[in-house]
Every structure is written in C-alpha cells, then in structure tokens.
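Read the numbers this way: they start at 1 and go in the same order the structure lists the ligands and their atoms.
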Amino acid sequence: MEKLVSLAKRRGFVFQSSEIYGGLGSVWDYGPLGVELKKNIKERWWRSMVHEREDIEGLDAAILMHPKVWEASGHVAGFTDPLVDCKHCKNRFRADDPRIKGTPGQPDGQCPACGTKGTLTAPRQFNLMFKTFMGPVEEQAAVIYMRPETAQGIYVNYLNVLQSSRQKVPFGIAQIGKAFRNEITPGNFIFRTREFEQMEMQFFVKPGSENDWFERWRTERMKWVEGLGVRPEKLRWHQHGKDELAHYAADAYDIQYEFPFGWQEFEGIHNRTDFDLKNHQQHSGKKLDYLDAATNERFIPYVVETSAGADRTTLVVLCDAYREEAVKGEDGADKEEQRVVLKLKPSLAPLKAAVFPLVNKDGMPEVARRIYDDLRRRLNVFFDDGGSIGRRYRRQDEAGTPFGITIDGQTSQDQTVTVRDRDTLKQVRVANGQLVEYLKEKLAT
Ligand code: ATP
C-alpha cells in the first residue's frame, strides 16, 4: 500500500490535503492525473445509470439540507458509533478497538495509546455527522449538518423529479456528490476519509417487487464493476448479517474487493424498504405516496439503493492496476529492468497517449509538437521530450498511459510513427494520418 501511496503522490494522482501545514487527517486532494481518473469513473457510472437507461433521472442536490431531514432519516439519533475517551491522554477510540485491554469505564480498562489504566470512559454514542451553523448566530437553532450520504437529497426531491420528468414507478434517481463523516478510525489512504464522494442511485418500486429489483440491481452493479477491468477473482459479495444491517435496511449486499489490507466493501446494494419516504412524509407533513394510474392503487414506493464511493472505486481501480514487472530495457540495452506500471483500462486512463520525439534534433521535436497539437484537441495526451526514451516510457507506465507515440528518423521519410503498447510493449508503425482513428478504436472499451 505504501508503494501505491507514494506512486500516487509522485505522479500527481493524490496528495494529502493541506500538506504544507502537516496535512489534515484523512482528507485527500486529487492531482492532475487523479482528477482525470476519478472523473472518468464517475462519467462511466453516470453514462450507464442516466444516459443509457430510460427509467433513471439525474439529480444534483445541495450538500446543506434542512436539519429536519436528518431527524426523519434517523441520522440524528442513529448515525453513531460507540466510543471511549481516555481522560489522561485525550485520545478517542472505538469501543470495539481490539487494542483496548480490560473494560472501558472500569479500573482495569487500559488506554491503548498512553497505557494508563482506569482512565477510559464507559462507551458513549458519538454522532458521525459534521455540524455547522447557518447564518450569523452560533446557537442551537442554527445548527445544520454536512450531509453524511447523498441519498436523502434524492428522497426529498422524489416528488419533484417524478412530476417534472413524467416517470412512472418503477423508476430511479441517480446522483454523484460529496458526503462527509467524522470517522473516528479513518485511514488506508482514500479508503475511509472524512470527505468523500458517493455515486448513489435510488430505485423506487412497487411494494412486493423489491426483491426482484434487488436481484436485478445486484447483477447490474457487478457487471458494471467488472467493466472497470477489475480482476474478477478480486471481487466477491458479502451479505450483511442481522447485526450489520443499517437502521433503514431489510437486506444488504456489499461488493468487496481484496485490497492490500484485506477484503473490504466499496459498494452496497440495499433494500431500504419504505423507511425513508415514510419518515419524510411523517416529518414533513407532505404526502409522498404514489398513485398507480393503471390499478388506482396508492402506495409509498419501496427503495432499492445502489451506493458506491467514487473514491473507494478509484482506489479499487488503482490497486488492481498496480503491477511491478521485469522488462527488457527499452533504451536499446538488453538487460532486464524493473518497471512499475498501472495497467488501467484505456478508457479510464487519465492520459490516453504520450508523444515523444526520439531525439531533440533532426526536426523531430517540431513534427512531434505538430502531432501532439493535433491529438490534444481530441484526446487527453501528454508531450515529453525530457530524458532517454526508456525513462520517458517508464514515467508513462507509472501514469498508466496506454500508448506511447515516438517520432523517429523514419517519420520524416514515410510519415509514420511508432505506437508502443503499455502492456505488451509491442511497437507498431502507424501512418500519421491514421493515428487518431487507431487510438480511438483502441480506447473505445
Ligand atoms: P464503512 O462501513 O466502510 O464505513 P458504510 O457501510 O458506512 O461503509 P455506506 O453508508 O453503505 O458505507 O456508504 C456507501 C459507500 O460509500 C461505501 O461502500 C463506500 O464506498 C462509500 N463510503 C462510505 N463511507 C466512506 C468514507 N468514510 N470514505 C470513503 N468512502 C466512503
């Protein structure tokens, strides 16, 4: 994992937030390559959810919401973890932290940080929502929350979307947006952070049909995840046991990935029943039931939710793509050398190709620039004329760039360039005029 974190920094995928001030705990910034990779993943999700389906609409709801939303959703009362504090060193731990010896709140309870006995408080519920104040006065009445999930923005807009889009149940609403949780044990790079992005879709169905839709969405979501190019043997389902189910869920499956730190969830499919809409109807006083025109029945729809983290999915893609390999030297030398390569699916790769003049003379840089300028208008490409060709390939391998285009001595004679494939290292000559077509075809998947 450290290797991936260091590559992510070196190549501009992910930086620690506010690094020059020592960093902010478990908050991360996406650099030039990271923002492209995450955007490609989000766009792929949006395309498959919203554009390719006629029964799902998009939404972009605000992060700040009426505080009553979080009472109705159960987050004010229930979105908590039991925690213990050490009165001596002021550290805070999850009550189930395996490093705690003895019983918190009792004389034998021992702090895992400072080692003092008897200073741990009994477990108390700690709410994971970030609080802030709206308006000029910092008083209880002005408290609002940073949303801990995007789903509620969908529920409170369910009627607006239904009426304006003229959809009929069953239909869905999809949203990508930031969420915030004051996690107590964050960590593992961008796996669990305090500010993150979710890609959530809530599918509203007639009561009685939720199990069928639940299975359909499980199939759909696994297909989508496999379409990211992730190795199938690194993926598995995990069904929530009774003690794991969230307060709103009747059934839940996670899609897990085998990260370097073990199998962990990065997406959940949940049967949320009519819990959310029923509670919003009750708390807001606004009728949220649906009239089925065909049967004249009125009901509150059930919800099947697919909830993925954009950052965790990005981490899955990065972990899965990371390889260390021995390759034959590409500087003309025959000796083997180690390379680090991100075998990203070409359509997800931040940079699609890099353009290299073989040497900085004989007109090669000028031709390379012309090719680069032409490609740049259609694809995200990179120009690099610094260092030996082997070193330039290595840098692009680490960035996950699928193609390297080299302008060499032959280019001025027959208007062809070499295109090197990141994974096979094979080089083919392609006519300049055919370059765009050639790349587009390879990048289509
Ligand atoms: P976990 O138990 O791992 O914290 P969760 O079960 O609370 O996750 P959900 O509430 O189901 O997660 O959220 C759905 C998705 O949102 C998760 O699968 C994950 O991809 C993402 N997510 C949730 N919390 C975080 C976080 N703190 N950092 C990054 N992504 C998160």
Side-chain angles (χ1 to χ4, degrees), residues 14 16-17 24-30 34 38 41-42 45 49 63 70 73-75 78-83 94 96-97 126-130 145-155 174-202 214 217-218 221-222 224-225 228 230 235-259 261-272 275-276 303-319:
V14 181
Q16 195 176 14
S17 161
L24 181 66
S26 284
V27 185
W28 298 88
D29 299 338
Y30 287 80
K38 187 164 143 190
I41 291 171
K42 289 189 289 183
W45 186 89
M49 281 290 182
I63 288 170
W70 306 110
S73 69
H75 282 83
F79 193 55
T80 53
D81 275 346
L83 301 175
R94 286 174 71 118
D96 59 2
D97 191 322
F126 175 84
N127 199 292
L128 300 182
M129 281 196 292
F130 277 99
Y145 302 97
M146 313 279 279
R147 65 178 178 200
E149 62 176 25
T150 58
Q152 300 301 326
I154 294 183
Y155 302 135
Q175 168 163 241
I176 299 178
K178 291 261 179 165
F180 303 83
R181 296 183 188 177
N182 196 5
E183 302 273 8
I184 294 307
T185 47
N188 283 328
F189 195 31
I190 53 172
F191 176 79
R192 185 173 286 116
T193 54
R194 295 195 166 105
E195 172 176 344
F196 55 98
E197 236 174 327
Q198 290 187 311
M199 309 186 285
E200 293 198 309
M201 193 282 300
Q202 313 295 321
F214 189 75
W217 276 111
R218 283 211 310 133
R221 293 311 301 152
M222 189 54 103
W224 186 83
V225 168
L228 296 172
V230 179
L235 295 167
R236 74 175 189 197
W237 285 107
H238 166 72
Q239 184 178 19
H240 282 209
K242 286 270 170 290
D243 52 333
E244 284 174 277
L245 283 175
H247 60 278
Y248 50 75
D251 198 2
Y253 276 82
D254 294 336
I255 306 181
Q256 294 188 333
Y257 177 77
E258 191 177 16
F259 290 98
F261 45 87
W263 288 96
Q264 292 285 345
E265 141 188 19
F266 65 102
E267 168 153 358
I269 320 319
H270 309 129
N271 170 3
R272 291 181 75 131
F275 177 90
D276 299 275
V303 169
V304 175
E305 165 187 74
T306 73
S307 175
D311 311 85
R312 267 194 212 174
T313 308
T314 303
L315 185 59
V316 167
V317 167
L318 279 173
C319 287

Among all protein heavy atoms, pick out the one at the shortest distance from [atom]; state its residue, atom name and that distance to 0.1 Å.
atom: atom 18 (O) of ligand 1; value: Glu265 OE2, 2.7 Å
atom: atom 14 (C) of ligand 1; value: Ser307 OG, 3.0 Å
atom: atom 22 (N) of ligand 1; value: Phe196 CE1, 3.6 Å
atom: atom 29 (C) of ligand 1; value: Phe191 O, 3.1 Å
atom: atom 2 (O) of ligand 1; value: Arg192 NH2, 3.7 Å
atom: atom 21 (C) of ligand 1; value: Gly309 CA, 3.7 Å
atom: atom 10 (O) of ligand 1; value: Arg181 NH2, 3.0 Å

(request) Kindly say whether the aromatic ring centers of Phe130 and Tyr145 come within a distance under 6.0 Å. (result) no
(message) Tell me if the centroids of the rings in Phe189 and Trp28 come within less than 6.0 Å of each other.
(response)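 Between Trp28 and Phe189, which both carry aromatic rings, the centre distance is below 6.0 Å.
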(request) Would you please name every residue forming a salt bridge (Lys or Arg N to Asp or Glu O under 4.0 Å) with Asp29, sequence neighbours left out? (result) none
Under 4.0 Å from a heavy atom of [X]: give me the atoms of ligand 1 that qualify, with their elements.
X: Thr193; result: 26 (C), 27 (N), 28 (N), 29 (C)
X: His270; result: 11 (O)
X: Phe266; result: 18 (O), 20 (O)
X: Glu183; result: 24 (N), 26 (C), 27 (N)

(request) Using a strict 4.0 Å threshold on nitrogen-to-oxygen distance, state whether Lys178 and Glu197 make a salt bridge. (result) no
(message) Closer than 4.0 angstrom, basic N to acidic O: yes or no for Glu305 and Arg221?
(response)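 The answer is no: the pair does not qualify as a salt bridge.
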(message) Does the structure place the NZ or CZ of Arg147 under 6.0 Å from the centre of the six-membered ring of Phe180, at an angle of no more than 45° from the ring's axis?
(response) no
(request) State whether the side chain of Arg312 and the backbone N or O of Phe191 hold a donor-acceptor pair below 3.5 Å, judged by distance alone. (result)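 Such a contact is found between Arg312 side chain and Phe191 backbone.
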(message) If I take atom CE from residue Met129 and atom CD from residue Glu149, how far apart are they, to the nearest 0.5 angstrom?
(response)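 Reported value, rounded in 0.5 Å steps: 10.0 Å.
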(request) Decide whether His238 and Glu244 meet the rule of one side-chain donor and one side-chain acceptor closer than 3.5 Å. (result) yes
(request) Check each heavy atom of Glu267 against ligand 1 and say whether those closer than 4.0 Å belong to the side chain, the backbone, both or neither. (result)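 The part of Glu267 near ligand 1 is the backbone, not the side chain.
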(request) Answer side chain, backbone, both or neither: which part of Gln198 comes under 4.0 Å from ligand 1, heavy atoms only. (result)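 The side chain, only.
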